[in-house]
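One structure is given below, encoded as structure tokens.
Lettering follows sequence order; numbering is per chain, from 1.
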Protein chains: 2
Amino acid sequence: MSKQAESACCAGITALDAARADDLAAQFKALGDPVRLRLLSMIAARDEVCVCELTPAFDLSQPTISHHLKLLRQAALIDSERRGTWVYYRVVPGALDRLAAFLAT
Amino acid sequence: MSKQAESACCAGITALDAARADDLAAQFKALGDPVRLRLLSMIAARDEVCVCELTPAFDLSQPTISHHLKLLRQAALIDSERRGTWVYYRVVPGALDRLAAFLAT
DNA sequence: GCCCTGAATCGAGGGGTGTCAATATAGAAG
DNA sequence: CTTCTATATTGACACCCCTCGATTCAGGGC
């Protein structure tokens with residue numbers, strides 16, 4: 001949607017509009033780190049996981065884990081809930097399936 | 001697999017080993033950019049796409065598009081073949097399905 | 001109230017990333 | 001061989017990201 005380019009030859013190729021690409025890319029970007037992938041995997045393995053179980057599973061500082069969880073949360077991949085002293089994380093329902101559906105196209 | 005952490009409570013949570021996480025994260029990282037996502041989408045929409053069709057579809061310089069294609073290639077998501085003056089790109093068979101399968105777990 | 005623990009935020013440092021203009025390379029055509 | 005076109009590479013710049021130590025915030029228990 002920019003230049004003189006879409007001259008018949010590639011009119012139909014633009015399968016993904018820029019807005020949706022921004023949206024999806026932001027979520028894939030959140031998955032683009034080994035630590036976050038493992039965190040997500042650990043959370044997805046259960047209904048709910050306490051941060052106190054996630055943090056000691058890595059050789060990283062507590063603030064670093066908290067930072068990665070924040071990025072996953074901002075990407076709308078996980079959600080958190082505080083209960084007393086502890087905070088529990090869970091996967092946002094359907095979030096991963098939406099990405100999987102895009103890749104399977 | 002690091003600390004004193006896996007004390008019964010979270011022994012089974014480590015669903016993803018570090019090596020495989022590195023592998024998958026590298027591919028998701030390549031998807032974590034709107035331009036690359038659109039490039040991949042355009043390539044996946046056909047069996048084969050010439051660079052000369054991809055470059056003019058963006059408001060970006062030719063070297064920038066070439067750079068993004070290189071990153072997608074290094075992530076083993078796409079493959080290229082030169083035929084005469086032109087270079088054609090195609091999606092590596094099964095690459096996207098592998099990622100989709102992980103997300104659908 | 002005070003302290004203790006779990007988790008988030010702040011600020012800084014080192015490395016990585018997206019973009020460009022300029023240049024180099026590959027192949028075809030004259 | 002020379003020239004032209006299509007891609008790739010290089011070098012530079014601004015910006016972003018991962019990590020840490022230090023600090024702050026939230027709740028529970030004394």
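A side-chain contact (heavy atoms from CB on, under 4.5 Å) with B:Leu31 is found for one member of A:Leu31, A:Leu24, A:Leu103 and no other, namely A:Leu103. Among B:Leu40, B:Val35, B:Leu54, the single residue meeting the side-chain contact (heavy atoms from CB on, under 4.5 Å) criterion with B:Leu69 is B:Leu54.
Counting non-hydrogen atoms under 4.0 angstrom, B:Tyr89 reaches the backbone sugars and phosphates but no base. B:Leu71 comes within 4.0 angstrom of the backbone, heavy atoms only, and of no base. The residue A:Arg36 sits close only to the backbone: its heavy atoms come under 4.0 Å of sugar-phosphate atoms, none of a base.
Between the side chains of B:Tyr89 and B:Arg73, at least one donor N or O lies within less than 3.5 Å of an accepting N or O.
Listed nucleotides C:dT17, D:dC18, D:dC16 differ in distance to A:His68; the shortest reach to its side chain belongs to D:dC18. Side-chain proximity of B:Pro63 to the nucleotides C:dT19, C:dC20, C:dA7 is greatest for C:dC20. Side-chain proximity of B:Cys52 to the nucleotides C:dA8, D:dC20, D:dT7 is greatest for D:dT7.
Taking atom NE2 of residue A:His67 and atom C1' of nucleotide D:dG21, one finds them 15 Å apart after rounding to whole Å. Remark: P of C:dT25 and CZ of B:Arg82 are 13 Å apart, rounded to the nearest angstrom. Following rounding to the nearest Å, A:Asp33 (CG) and D:dT19 (C1') show an atom-to-atom distance of 11 Å. Rounded to whole Å, the distance from OH on B:Tyr88 to C1' on D:dA6 is 11 Å. For the pair A:Trp86 CH2 and C:dG6 C1', the interatomic distance rounds to 8 Å; values are reported in whole Å. The CD-P distance, from A:Gln62 to D:dC20, rounds to 11 Å in whole Å. Rounded to whole angstrom, the span from the CG atom of B:Leu69 across to the C1' atom of C:dT19 amounts to 15 Å. Regarding A:Ile65, its CD1 atom lies at a distance of 11 Å from the C1' atom of D:dT19, rounded to whole Å.
Take the nearest nucleotide of DNA chain D for A:Gly84 and for A:Gly32: the residue whose nucleotide is more 5' is A:Gly32.
Dashed line: the shortest gap from a side-chain N or O of B:Thr85 to OP1 or OP2 of C:dA28 is not under 4.0 Å. Put simply, A:Lys29 has no side-chain N or O that comes within less than 4.0 Å of OP1 or OP2 on D:dC16. The side chain of A:Thr64 contributes no N or O atom lying less than 4.0 Å from OP1 or OP2 of D:dC18.
Ring-plane geometry between B:Phe28 and A:Phe28 is classed as parallel, the angle between the planes falling under 30 degrees on a 0 to 90 degree scale with a further cut at 60.
One N or O on the side chain of A:Thr105 and one on the backbone of A:Phe102 form a donor-acceptor pair closer than 3.5 Å.
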